Amino acid sequence: MRILIAGDWHRDAHWAVETINAAHQQGIQHLIHLGDLGAFWPTDFPELPGRDHPLGRAYGFTRSLADAVRAAKMRFMFIDGNNDPHEFLARVPRSRSGTAELMGLTYLPRGTRFRLGGLRFGALGGASSIDRAQRRSGVDWWPEEDVTANDVRRLGGRPLDVLLAHEAPSGVSLPFPYRLTPDDAAVAQRSRDFVQQALDATQPRLVFSAHWHQRLTVDVPGTTTVLHILDRQRRAGNSVVFDTRTLTVEPFIQAPAPAGLTTGI
Ligand SMILES: [Mn+2]
């Protein structure tokens, strides 16, 4: 089975629709998104501010995404990043398998385990926003964004083949494209340490991360795990094709969008 893995779309409807359509054209029926998707953002539900689960009344990015996924008959799964509506996602009822089904999209809460293509997957979303000083709590930032010890506990220690995280494990040193204040660096380090703890406990063959807006493939020191970090939207390294049979990870070649493609905004 080939799975498209992507992350950090940041509510970019045009990019989302283009990527989903391109994957569909290439016969890919599964997409896993690594967070900072921005679906179910409060402003996509202007008629029902603060209400629970206003499904079917979404506008903007959430509408465009759900419509594209439905048209492509794709199975679309996502974990949370930092820039995701954590308060809303926490309230959505869970299915028996622990996922949350919303408008044809499947949210994988932190600690969710599932099987796909014969492999054992684990989900561990979350990260800290380095620009949180410019954001407003409950409007475009939620304090639940950071990875916690409880999240790691919920995931548990049984072995995994693939760990899906938004943040990158702390055992890998990254070339940071941003200047972090000491406070921000300390907060980011905590989330990264928790992802590393989950990695050490579950010993996956592969970890997919996002968040740092760069494309990297690196062996995690002291482990047999290979880490793939994906770039943000509108960059060549934003998505990869993961083959569950061969465990290979290939670049996703995305043809330019046809003229007149609607973004649905
Ligand atoms: Mn992020």
Side-chain angles (χ1 to χ4, degrees), residues 4-13 15-16 19 31-44 61-62 65 76-90 105 107-112 122-148 151-152 163-170 172-181 183-196 198-199 207-216 218 227-240:
L4 192 73
I5 303 189
D8 287 290
W9 285 357
H10 302 112
R11 301 176 49 71
D12 185 334
W15 182 256
T19 304
L31 196 156
I32 295 177
H33 195 281
L34 299 173
D36 282 10
L37 175 64
F40 308 102
W41 205 256
T43 51
D44 287 352
F61 176 73
T62 304
L65 175 68
F76 187 101
M77 293 160 274
F78 68 101
I79 65 173
D80 55 297
N82 47 305
N83 292 318
D84 282 303
H86 300 286
E87 189 181 8
F88 174 83
L89 293 173
L105 313 176
Y107 168 53
L108 306 167
R110 301 178 198 176
T112 305
L124 186 64
S128 64
S129 300
I130 58 174
D131 62 348
R132 63 190 183 284
Q134 282 86 52
R135 292 172 174 268
R136 285 183 297 163
S137 187
V139 176
D140 58 4
W141 181 83
W142 291 270
E144 301 89 348
E145 64 173 9
D146 299 303
V147 187
T148 68
D151 299 332
V152 177
L163 177 62
L164 306 167
H166 184 67
E167 183 54 282
S170 56
V172 170
S173 52
L174 300 176
F176 283 126
Y178 309 104
R179 288 178 69 88
L180 301 188
T181 66
D183 277 0
D184 287 345
V187 173
Q189 184 66 36
R190 277 203 295 276
S191 285
R192 293 195 60 196
D193 286 343
F194 285 129
V195 174
Q196 181 70 42
L199 187 158
V207 180
F208 291 97
S209 299
H211 189 53
W212 293 106
H213 300 177
Q214 52 192 295
R215 176 75 183 95
L216 279 180
V218 55
L227 167 69
H228 289 273
I229 301 185
L230 304 188
D231 208 336
R232 67 164 167 81
Q233 89 274 20
R234 295 186 187 251
R235 289 196 189 150
N238 176 240
S239 55
V240 291

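Counting starts at 1 for both ligands and their atoms, following the listed order. Keep in mind the model is a prediction, meaning the values are calculated, not measured.
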With Ser191 via side-chain contact (heavy atoms from CB on, under 4.5 Å) - residues at least two apart:
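Asp146, Val147, Glu167.
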How would you list, by chain and number, every residue that makes a side-chain contact (heavy atoms from CB on, under 4.5 Å) with Asn238, sequence neighbours excluded?
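Here the qualifying residues are Ala6, Trp9, Trp15.
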For Asn82, the option from Arg135, Arg132, His211, Glu144 that meets side-chain hydrogen bond (donor to acceptor under 3.5 Å, both in side chains)
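The side-chain hydrogen bond (donor to acceptor under 3.5 Å, both in side chains) with Asn82 is passed solely by His211 among Arg135, Arg132, His211, Glu144.
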Under 3.5 Å, is there a donor on one side chain and an acceptor on the other for Asn83 and His10?
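Looking only at side-chain atoms, His10 and Asn83 do not form any donor-acceptor pair under 3.5 Å.
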Considering only residues two or more places apart or on different chains, which pairs with a residue in residues 76-89 satisfy salt bridge (Lys or Arg N to Asp or Glu O under 4.0 Å)?
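Passing the test, one end in residues 76-89: Asp80-Arg110.
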CD1-CG distance between Ile5 and Leu164, expressed to the nearest 0.5 angstrom:
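The CG atom of Leu164 is 6.0 Å from CD1 of Ile5, to the nearest 0.5 Å.
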Using 2.8 Å as the cut-off, count the protein N, O or S atoms closer than that to the Mn ion (ligand 1).
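Atoms of protein N, O or S type lying less than 2.8 Å from the Mn ion (ligand 1) total 4.
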